[in-house]
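Okay, so here's the structure we're looking at.
The basis for the numbers below is simple: all heavy atoms, side chains too, and nothing from hydrogens, waters or symmetry mates.
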Amino acid sequence: MIQTRLIMNNLFIKRRTRIVALLCLVLGISSCQDFLEVEPRDQVSDGTLWSSTANADLFLHDVYAGVPTMDSGDPWENYSDNSLNGQAGRTSAILYGASIYTPSNAPNRWALYVQIRKANLFIAKVTASALPDAWKKQRLGEARFLRAYYYSLLWVSHGGVPIITDVLNQSTQGDAIFRPRNTSEETYKFIADECAASAEDLPVTAEAGRATKGAALTLKAWTELFNASPLKNATNDKAKWAVAAATYKKVMDLKAYSLFPDYNTLFFEENNNNVEVIFDRQHLGGTALANYRESYLGPRFVYGTLTGFGHVDPTQDIVDEYAMANGLPITAPGSGYDPQNPYVNREKRFYQSIVYDGSTWLGDLMIMKQGVGSLNATDLNNSSVSTKTGYYLRKGMNTKYASVNNNLNGANFILFRYAEVLLGYAEAQNEAVGADESVYSAVNLVRARSELPPLTPGMTPAQMRVAIHRERRVELAFEDKRLPDLMRLKLAEKVLNGTVHAMKIDMVGGKPVYTVIPAAGGAKVFFPEKNYVLPIPQSAIDKNSKLTQNPNY
């Protein structure tokens with residue numbers, strides 16, 4: 001794999017001042033300060049920007065800059081049943097978890113229209129330019145992919161949204177810039193069609209961080225999987241599942257990706273852009289583009305010193321999904337699970353993903369027991385002093401960066417990887433035709449990396465569905481995948497109503513006693529008549545009277 005300087009780092013680090021000057025001029029941003037201008041204002045024009053591939057690339061880098069990374073303050077995983085934020089008062093708990101958000105204060109994706117406008121501008125200008133045809137073909141494919149990706153985030157979050165492909169300018173177009181919402185089906189079709197078109201123009205391999213054919217096909221397949229799932233497919237039309245399976249198969253047939261051997265270090269900086277990565281958000285340690293996950297998501301106290309902020313505390317609910325080393329779920333007969341010795345003989349991914357009582361972090365024994373003076377004792381009162389669940393996050397955490405406010409980590413945030421392709425294919429194929437050999441093969445590849453035995457032969461589609469959902473939840477845990485899965489599968493009304501759970505450990509007669517309890521601050525409410533989509537922001541409706549609000553908001 002070609003190891004090049006990171007694309008977005010070119011934008012923000014190496015050539016920051018020149019880029020800002022160019023973008024300020026092209027976009028008409030009057031507030032940019034004079035000291036940022038490297039070239040005289042009268043020498044940088046719209047024509048200059050689109051007359052060279054180097055300058056046009058700078059603009060495209062800014063379109064890439066909107067690709068989201070994990071919100072280290074309150075990741076989307078905390079909105080699901082997989083984790084809680086160790087800090088009380090976060091949006092995931094007090095607004096979303098309690099389902100008291102409104103169109104005026106709900107989390108939303110509407111700001112992505114800024115990136116969509118940039119993509120539209122790039123597409124229009126480059127299409128009309130005299131730049132080399134081969135360069136134009138690939139870069140326009142990248143821009144169309146990015147625009148489709150941003151629309152996919154809007155669609156998953158809000159349902160149908162206005163599809164805008166032209167460059168809007170209120171000063172010249174007036175109220176014509178205000179567009180009504182397209183339907184959910186129209187929005188889905190636009191995303192899928194754009195992915196198909198961009199896949200035709202993108203290479204199988206490219207420099208690190210750029211969109212590829214595999215990225216476009218994977219986004220298309222994910223969108224099709226979402227569209228085939230119960231939320232969008234009430235009649236369970238198997239043809240929709242078959243469409244998703246076919247696209248995932250195209251990614252597999254590229255032979256461009258494989259599973260990285262070590263699940264533990266897959267997410268580490270030294271393995272950026274590895275053979276499993278299909279598309280990721282690039283980071284650069286030691287700069288404003290650093291990845292802060294160890295600092296914000298990591299265990300709180302090590303040797304009595306605050307080392308992390310614990311913004312992702314895995315719940316007992318996700319811990320219970322990790323299989324035993326023999327491959328059986330903990331509830332299965334013969335699994336060997338002992339609820340009073342719950343961390344023994346679990347599958348490999350459990351030990352690679354979870355910091356639990358009796359494990360070590362940075363060489364320190366982590367103690368979550370009550371009444372023994374540990375700063376990491378499970379927080380029973382939602383007081384932000386330690387883990388709310390009895391667990392901290394280990395997955396993707398590189399110990400060499402585990403200290404408060406450490407900005408040296410350059411690990412990328414992976415948005416699509418090959419394991420997800422395999423599991424997406426297995427799910428779609430199982431729903432379309434049943435648990436055929438290709439379904440077993442895809443799931444067993446993922447299991448084999450974690451030294452789990454193959455699935456039991458002869459499963460019914462319903463049994464295989466349960467196995468795939470469990471495998472997907474565990475394999476992709478803490479990668480911001482769980483919430484959209486709960487939505488598309490219409491499981492949110494079940495698992496986000498009630499409470500998520502924690503592990504309380506008491507010492508009784510010198511022995512630990514393990515009790516599963518409701519987690520402090522873990523109560524959740526979900527209204528199925530409205531909460532499967534987020535509201536359209538009130539601020540957007542106030543500006544555009546043609547926008548209609550989602551039902552019951």
Side-chain angles (χ1 to χ4, degrees), residues 19-33 36-37 41-42 44-51 55-56 58-60 62-66 102-130 136 139-140 143-155 157-191 193-194 197 533-551 553:
I19 298 163
V20 172
L22 286 166
L23 293 177
C24 290
L25 293 171
V26 172
L27 299 177
I29 301 173
S30 60
S31 62
C32 292
Q33 301 178 34
L36 290 176
E37 296 175 18
R41 186 177 292 271
D42 62 357
V44 182
S45 65
D46 185 76
T48 299
L49 181 60
W50 308 110
S51 64
N55 282 350
L58 297 178
F59 193 94
L60 182 58
D62 194 46
V63 183
Y64 273 100
T102 71
S104 296
N105 64 6
N108 69 82
R109 299 282 197 176
W110 217 254
L112 291 173
Y113 273 109
V114 173
Q115 298 306 119
I116 290 170
R117 184 185 190 280
K118 292 175 184 177
N120 289 341
L121 181 58
F122 179 88
I123 291 168
K125 293 292 186 180
V126 167
T127 300
S129 75
K136 287 169 66 173
R139 293 299 188 263
L140 288 172
R144 292 179 74 176
F145 163 80
L146 290 169
R147 183 173 65 182
Y149 179 67
Y150 296 139
Y151 269 115
S152 75
L153 296 175
L154 282 161
W155 176 64
S157 298
H158 300 284
V161 296
I163 299 172
I164 301 169
T165 59
D166 53 334
V167 182
L168 305 181
N169 188 326
Q170 190 169 16
S171 64
T172 58
Q173 296 173 278
D175 289 347
I177 69 168
F178 297 120
R179 310 284 174 83
R181 297 175 65 180
N182 289 82
T183 66
S184 176
E185 182 63 26
E186 289 169 342
T187 307
Y188 155 71
K189 187 176 186 304
F190 173 78
I191 297 164
D193 288 348
E194 284 294 287
V533 286
L534 292 168
I536 305 300
Q538 188 61 46
S539 58
I541 292 177
D542 290 343
K543 294 174 184 176
N544 179 5
S545 61
K546 294 180 181 179
L547 291 176
T548 56
Q549 186 55 270
N550 280 325
Y553 281 110

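When all heavy atoms are compared, the tightest approach of Thr187 to Gly160 is OG1-CA, 3.5 Å. In plain terms, the two heavy atoms of Tyr113 and Pro162 that are nearest each other are OH-O, 2.7 Å. Nearest heavy-atom pair, Pro535 versus Ala106, reported as atom, atom and distance to 0.1 Å: CG-CB, 3.6 Å.
Remark: Gln170 CD to Phe178 CZ distance equals 4.5 Å, nearest 0.5 Å. In this structure, the separation between CG on Asn544 and CD1 on Ile177 is 8.0 Å, given to the nearest 0.5 Å. Rounding to the nearest 0.5 angstrom, the gap separating the CG atom in Leu153 from the NE2 atom in His158 is 9.5 Å. Rounded to the nearest 0.5 Å, atoms OH (Tyr149) and CD (Gln115) are 12.0 Å apart. Distance check: Leu112 CG to Arg147 CZ gives 14.0 Å after rounding to the nearest 0.5 Å. Atom CG of Asn550 sits about 8.5 Å away from atom CG of Leu534, to the nearest 0.5 Å.
The backbone N or O of Thr102 lies less than 3.5 Å from a partner atom in the side chain of Asn105, making a donor-acceptor pair. Trp155 places a side-chain N or O within 3.5 Å of a backbone atom of Ser184 that can act as its donor or acceptor partner. Gln549 places a side-chain N or O within donor-acceptor distance of the main-chain N or O of Ile536, the cut-off being under 3.5 Å.
Taking Val126 as the reference, Trp50, Phe122, Ser129, Trp135, Lys136, Leu140 meet the side chain to side chain contact (heavy atoms under 4.5 Å, CB included) condition, with sequence neighbours excluded. Judged as a side chain to side chain donor-acceptor pair (under 3.5 Å), and not counting sequence neighbours, the contacts of Glu186 are Asn182, Thr183. Residues satisfying the side chain to side chain donor-acceptor pair (under 3.5 Å) criterion with Ser545, sequence neighbours excluded, are absent altogether. Every side chain to side chain contact (heavy atoms under 4.5 Å, CB included) that Ser171 has, sequence neighbours left out, goes to Asn169. With sequence neighbours excluded, the residues forming a side chain to side chain donor-acceptor pair (under 3.5 Å) with Lys125 are Asp46, listed by chain and number. For Asp542, there are no salt bridge (charged side-chain N to carboxylate O under 4.0 Å, His left out) partners, not counting sequence neighbours. Contacts of Lys546 classified as salt bridge (charged side-chain N to carboxylate O under 4.0 Å, His left out), with partners at least two apart in sequence or in another chain: none. With sequence neighbours excluded, the residues satisfying side chain to side chain contact (heavy atoms under 4.5 Å, CB included) with Val167 are Arg117, Asn120, Leu121, Ala124. Partners of Ser157 by side chain to side chain donor-acceptor pair (under 3.5 Å), not counting sequence neighbours: none found. The ring-ring contact (aromatic ring centres under 6.0 Å, His included) check on Phe145 picks up Phe279, with sequence neighbours excluded. Partners of Arg139 by salt bridge (charged side-chain N to carboxylate O under 4.0 Å, His left out), not counting sequence neighbours, listed by chain and number: Asp57, Glu142.
Sorted by first and then second residue, the pairs that involve residues 164-185 and meet salt bridge (Lys or Arg N to Asp or Glu O under 4.0 Å), not counting sequence neighbours, are Asp166-Arg179.
A heavy-atom distance below 4.5 Å is found between the side chains of Tyr151 and Leu154. For the pair Leu146/Leu60, a side-chain contact is recorded, criterion being any heavy-atom separation below 4.5 Å from C-beta on.
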